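Order of the sequence lines sets the chain letters (A, B, ...), proteins ahead of strands, with each chain counted from 1. Predicted, not measured: the structure shown is a model, and the values here were computed from it.
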Amino acid sequence: MNVRPFPQSFFDRPTLDVARELLGARLAIRDATGRIRRQAIVEVEAYDGPDDLASHASRGPTERNAPMFGPPGHWYVYLCYGMHWMLNVVTGPVGYPAAVLIRGLEDISGPARLTRQLGIDRRFDSLVANRHVGLWIEAGPAVPDAETQRLPRIGVDYAGDWAARPYRLVVSSRTVEKMGKKTHKA
DNA sequence: GGGAGGATGGAT
DNA sequence: TCCATCCTCCCA
C-alpha cells in the first residue's frame, strides 16, 4: 500500500484546517499480531488555543493536558468521566495548546466507543502518531464540503460563547453509509 | 485531604 | 432521565 502516515507537518497548521482534512482520513492501528485496522474518520471536534473555554488548556498547563502544549502530530489521550478514554491529536506549534478530538469512525459512533473497541488508552498519551507506536492517521478520499456539517461541540455547555462555535465537524450520514457499504463489500 | 465536576454511553 | 465510576483540579 502506498499510503503513508500524515507527517507531523500536516498537524502543524490551524486546528480547524486540520480537523476538516481529517474527515475521510483513515485512523490506523496495528494490533499485537501485526494486523493493521483502518477506518475512515467521520466526526471530529476542534479545541483551539488557550482562550477556548471548552478546552482543557483554557486554565493553563497541567500534568494531564501537557501534550496539548507539545509538538503537533502527537496523541493526547485522557480519561473522561472516570471511565472513557478520549483520543485527540495535537495540532499547531509547540506552546500553542490545540487538538482535534476524534469522535467517530465509519462504523463506530462515539469517542468512548471507538477507543474501547480499538483498545486505545493512556499508553498512547503523548506519543507521536506514526507507525512506530502502532497508531497513526493516513490520507483517505477527500470528502466534499457539501457532504459535511459544522455543528457545536458536545458536552461543553459551560463554555460560554465558545459552546456555540461550530467546531464539531461531521461527515453527513448518507456519505457515511456509503463508506460502510464499501468496507463490507471489500 | 476533600469535594465538585467532567470533551460519555447505555439502560430505564 | 438516570447513573455507573474515578480522575483531575482547585481549595484549604
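Rounded to an integer number of Å, the gap from A/Met68 CE to B/dA7 P is 11 Å. A/Ile108 has its CD1 atom 17 Å from the P atom of B/dT8, to the nearest Å.
Taking the ring centre of A/Tyr78 as origin, the terminal cationic atom of A/Arg64 falls inside the region bounded by 6.0 Å and 45° from the ring axis. Both tests do not hold together for A/Arg122 against A/Phe124: distance to the six-membered ring centre under 6.0 Å, angle to the ring axis within 45°.
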Steps toward side chain to side chain contact (heavy atoms under 4.5 Å, CB included) verdict (A/Leu27, A/Leu135) | CA-CA 8 Å; A/Leu27 180 67; A/Leu135 183 65; 4.0 Å; yes
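Annotation: proximity of residues 39-53 of chain A to DNA chain B (heavy atom, distance under 4.0 Å) is found for A/Tyr47, numbered in ascending order.
Nucleotide C/dT5 forms a pair with no other nucleotide shown, judged by Watson-Crick or G-U wobble geometry with both contacts under 3.5 Å. Pairing partner, B/dA7: none, since no Watson-Crick or wobble contact has both distances short of 3.5 Å.
When atom types are taken as modelled, the side chain of A/Glu106 and the backbone of A/Val176 share no donor-acceptor pair closer than 3.5 angstrom. The backbone N or O of A/Val77 sits nowhere less than 3.5 Å from a side-chain atom of A/Asn88 that would complete a donor-acceptor pair.
A 4.5 Å side-chain heavy-atom check between A/Met86 and A/Tyr76 finds every atom pair outside the cut-off. Counting heavy atoms from C-beta on, the side chains of A/Leu118 and A/Gln39 come closer than 4.5 Å.
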Using a cut-off of under 3.5 Å, enumerate the N/O to N/O pairs linking the protein to nucleotides 9-12 of chain B.
from, atom 1, to, atom 2, distance (Å)
B/dG9, OP1, A/Pro111, N, 2.9
B/dG9, OP1, A/Ala112, N, 2.9
B/dG10, OP1, A/Arg113, NE, 3.2

B/S/- contact track for nucleotides 5-12 of chain C, protein heavy atom under 4.0 Å = BBSSSS--
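Taking the six-membered ring where the residue is Trp, A/Phe6 and A/Phe10 present parallel rings, their angle staying beneath 30° rather than reaching 60°.
The existence of a salt bridge linking A/Arg150 and A/Asp145 is excluded, since no basic side-chain nitrogen approaches an acidic carboxylate oxygen closer than 4.0 Å. In this structure, A/Glu138 does not pair ionically with A/Arg26, as no charged nitrogen and carboxylate oxygen lie closer than 4.0 Å.
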